[in-house]
Amino acid sequence: MTLTILRSVRPWGHDLVDLHIDGGTFSALLPPGAEAPAGAEVIDGHGMLALPGLINAHAHVDKSWWGRPWVPYGGEPTTQGRIAHERAQRGALGIPGPDVTERVLREFLRHGTTAARSHVDVDLGVGLDGIAAVQEAVARLEGALEVEVVAFPQDGVVRREGVLDLLDRAARAGADSIGGLDPCLIDRDPVAQLDGLFDIAARHGCGLDIHLHAGGDLGAFEYELIIDRTRRAGLEGRVNIAHGFALGQLPAGRQRSLLADFAQLGITWSTVAPIGSAPLPWEAMREAGVGLGLGTDGVRDLWSPYGDGDLLRVALDFARLHGARRDEDLVRVARLASSDAAGFVHREVHDLVPGARADLVLVEAENVPDAIVRASRRELVLAGGRVVARSGEVLL
Ligand SMILES: [Zn+2]
């Protein structure tokens, strides 16, 4: 395999280096300017700031209408209203299908996201077709963007007979994780939903990634049910809570005791930093060792017209929501969006270091905080050592 040398870049804003890439993996960071071996491909990084490829820890790549004419939102403004609206309208928009997913994945790549964990709807209407559509779209992009699939029961679990069987089939067919949704607010039977999900995960050894929108004590009650079942099922390190809006609303003492359990059981958290949500206790989470990832959630879909697939803008939202002002905090936010999210896509290491997959983003920025607060344009994106986007255009 050809050696690629990315000349003159500043990893994380540090001193200039030449990055050597061999077989799709970073092989060395060397002082700039050394003569390139014969046959090496050389790319000029123009002294730009280099970050690892961004990791989107919570996406829904099966359900966007990105790239189509504008679709006005026509459903009721509740979670149940959005679910019903989506089920009624999605077929007319080609959802699920490989074309809709490919358009979103291209947008992710353009913005420097090179790995994602995506929930994919599994329900009585589409069965497992959405998962097949996502897999086809990922294959079309020749592995540039790695996507982990969470089989997601968006329409409810135990309130829809047959959904647990579908999730079981998805897990058997190799889905990385199965999802869950509001055991109290949607299914109104939290014990039945969670027992069903944990039973499948324990039998197949897959992960669990559960959307929780409930606030306050109801949300905390759901956390306790999840903690208890994670411990009993021996699923340490396999469970993620998405959104979990209640955590930011609870008193500090309650947060601390929950975080101790999350850390002990390797229960992680993903957030999309919505405006108006209670800030997460992210410093306490870091100190306790609770993994935290950032995601776009849905992008321009039948739930909401918002979102453009740019995870750096989500990082900016997160930074503002949490009042991050100091440089070290803004760098930490950038790490949440990239290197620290490695576990969300089952990577041992994801960084600008030898041995990591050569996923990288170059931006015109003075330093990492500058890149975050401006969400600077992605000038060059490498995925597995290949140039996949340049000057804001996808090349695949
Ligand atoms: Zn979601």
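Numbers here are sequence positions counted from 1. Order of appearance sets the numbers: ligands from 1, and atoms from 1 within every ligand.
Arg232 has a carboxylate O that lies under 4.0 Å from a charged side-chain N of Asp228, or vice versa, which qualifies the two as a salt bridge.
For the Zn ion (ligand 1), the count of nearby protein N/O/S atoms, taking only those under 2.8 Å, is 4.
Between His213 and Phe245, the ring planes lie tilted relative to each other; the angle falls in the 30° to 60° range. Trp65 and Trp70 have perpendicular rings, their planes meeting at more than 60° on a 0 to 90° scale where under 30° would count as parallel.
Between Leu311 and Leu294, the shortest heavy-atom distance links the atoms CD1-O, 3.6 Å.
Applying the 6.0 Å contact sphere to CZ of Arg203 captures more than 12 heavy atoms from other residues, nucleotides or ligands.
For Phe108 and Trp66, the ring centers are positioned 6.0 Å apart or more.
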